[in-house]
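Notes to accompany the following structure.
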Amino acid sequence: MTSPDLVLYSVTGRVALITVNDPDRRNAVTATMSAQLRAAVQRAESDPDVHAVVVTGAGRAFCAGADLSALGAATEDGLLALYDGFMAVAQCTLPTIAAVNGAAVGAGLNLALAADVRIAGPAALFDARFQKLGIHPGGGATWMLNRSVGPQVARAALLFGMRFDADAAVRHGLALQVSDDAVAAALDLAAGPASAPRDVVLATKATMRATASPGAIEGEQHEFAKRTELGPQAASVESPEFAARLAAARRS
């Protein structure tokens with residue numbers, strides 16, 4: 001039996017539109033969805049007619065985070081499987097835009113942060129929520145937030161539970177702009193690389209990643225953060241406190 005299409009893929013005007021597609025569950029991440037997301041990113045990278053990638057969510061949410069049942073059963077390897085899709089976006093050689101049409105929570109915030117640029121719809125909400133769930137951040141969230149908004153705002157999000165609506169996201173640098181139609185705005189922005197020579201686009205992104213932090217490669221920094229967070233997150237997922245929170249969530 002084939003897996004359902006938890007990720008949709010289409011190409012228009014040299015731009016791949018990748019949509020996480022489980023709207024009834026607010027696009028919560030499972031290992032299957034994560035694997036399909038990586039496959040979609042790799043499909044775009046391998047297509048010489050694709051110059052940029054836009055990622056969005058089906059329905060009202062962008063991505064409500066990791067599926068709690070999958071998270072509750074996750075070992076370190078299981079956590080890595082849940083991360084794999086947004087890590088593919090983070091590692092993508094093509095320019096990437098997240099069209100954040102609704103809530104981006106936990107791993108969903110990571111998916112948005114993994115993109116080069118974020119455009120917020122009016123209903124966008126950026127919410128780390130790890131601490132509220134009683135778990136340690138994972139997937140390089142600490143590094144990605146520091147990179148995007150700086151230490152003070154990153155700590156406000158991860159230590160104090162600060163959330164960001166669309167306007168606040170722009171104000172703090174989490175998003176580039178607010179648009180009534182985030183996908184349309186993202187596709188408009190992607191028209192830039194779509195009209196440029198693909199080898200120039202690829203080389204420019206590679207150079208920007210190499211020079212983002214002198215003496216370190218951006219991808220290596222993200223990988224270091226992911227591995228540093230992995231042990232503490234796995235321990236928190238295995239804790240009795242998280243099990244109790246998970247049981248309460250299932251009853252509600």
Side-chain angles (χ1 to χ4, degrees), residues 5-23 27 29 33-63 84-104 107-124 126 144 147-148 166 169-170 173-210 212 218-219 222:
D5 290 330
L6 296 174
V7 175
L8 305 178
Y9 182 93
S10 63
V11 177
T12 303
R14 295 181 173 178
V15 179
L17 176 62
I18 297 174
T19 305
V20 288
N21 181 45
D22 194 358
N27 304 317
V29 178
M33 175 186 282
S34 185
Q36 290 184 20
L37 179 55
R38 174 169 285 279
V41 172
Q42 291 173 336
R43 181 177 175 183
E45 289 179 303
S46 66
D47 184 345
D49 290 327
V50 171
H51 292 205
V53 172
V54 172
V55 179
T56 194
R60 297 175 60 186
F62 176 72
C63 176
D84 197 48
F86 66 72
M87 289 300 298
V89 175
Q91 296 157 355
C92 185
T93 56
L94 297 164
T96 54
I97 305 170
V100 183
N101 52 302
L109 176 60
N110 283 359
L111 175 57
L113 290 170
D116 296 314
V117 171
R118 287 155 294 284
I119 293 178
F126 299 79
M144 287 193 289
R147 175 189 62 170
S148 298
V170 172
L174 265 176
L176 178 68
Q177 66 185 72
V178 181
S179 174
D180 288 340
D181 188 333
V183 172
L187 293 172
D188 284 346
L189 186 62
S195 64
R198 192 176 195 263
D199 57 347
V200 172
V201 172
L202 292 170
T204 301
K205 177 162 180 177
T207 299
M208 293 187 74
R209 296 189 70 180
E218 190 179 62
H222 192 173

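Positions are given from 1 along the sequence. Owing to the predicted nature of the structure, the values given are computational and were not obtained by experimental measurement.
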Main-chain N/O of Phe62 paired to Asn27 side chain as donor or acceptor, under 3.5 Å: yes

If the test is side-chain contact (heavy atoms from CB on, under 4.5 Å), which one of Val170, Ile97, Leu189 qualifies with Leu176? Leu189

State the CG-OG distance between Asn101 and Ser179, to the nearest 0.5 angstrom. 11.5 Å

When rounded to the nearest 0.5 angstrom, what is the spacing between CD in Gln42 and CG in Leu37? 10.0 Å

Under the side-chain contact (heavy atoms from CB on, under 4.5 Å) rule, what do Leu111 and Val89 come out as? Steps first, then yes or no, please. CA-CA 7 Å; Leu111 175 57; Val89 175; 3.9 Å; yes

Determine which pairs satisfy salt bridge (charged side-chain N to carboxylate O under 4.0 Å, His left out) with at least one residue from residues 107-120, sequence neighbours left out, and list them in order. Asp116-Lys205

Applied to residues 34-44, the salt bridge (charged side-chain N to carboxylate O under 4.0 Å, His left out) test, sequence neighbours excluded, yields Arg38-Asp84

Going by the rule side chain to side chain contact (heavy atoms under 4.5 Å, CB included), which residues pair with Ala40 if we only count those two or more places apart in sequence or in a different chain? Val7, Tyr9, Ile18

Closest heavy-atom contact between Pro48 and Ser46? CD-O, 3.4 Å

Between atom CD of Glu218 and atom CD of Gln91, what is the distance when rounded to the nearest 0.5 Å? 11.0 Å

Contact summary for Val201 and Pro193, nearest pair of heavy atoms: CG2-O, 3.7 Å

Can you name the closest pair of heavy atoms from Ala112 and Val100 and give their distance? CB-CG2, 4.0 Å

Donor-acceptor pair, Arg147 side chain versus His222 backbone, under 3.5 Å? no

For a quick test of reading the model, state the closest non-hydrogen atom pair linking Ala166 to Pro122 and the distance between them. CB-O, 4.2 Å

Might you point out which heavy atoms bring Ala175 and Ala120 nearest each other, and give the distance in Å? CB-CB, 4.2 Å

So, do Arg198 and Leu94 sit near enough that their side-chain heavy atoms are less than 4.5 Å apart? yes

Mind checking what makes side chain to side chain contact (heavy atoms under 4.5 Å, CB included) contact with Asp47, not counting sequence neighbours? Asp49, Val50

Any donor-acceptor N/O pair, Asn21 side chain to Gly57 backbone, under 3.5 Å: no

Side-chain touch Val15/Val54, heavy atoms, less than 4.5 angstrom: yes

Test of understanding: with side chain to side chain contact (heavy atoms under 4.5 Å, CB included), list the residues that count as partners of Thr12, not counting sequence neighbours. none

Only counting residues at least two apart or in another chain, list the ones meeting side-chain hydrogen bond (donor to acceptor under 3.5 Å, both in side chains) with Thr19. none

Exceeds 12 heavy-atom contacts within 6.0 angstrom, atom CG of Asp180: no

Would you name the heavy atoms of Cys63 and Val29 that are closest together and state the gap between them? SG-CG2, 3.4 Å

Once you round to the nearest 0.5 Å, how far does OG of Ser148 lie from CG of Leu174? 6.0 Å

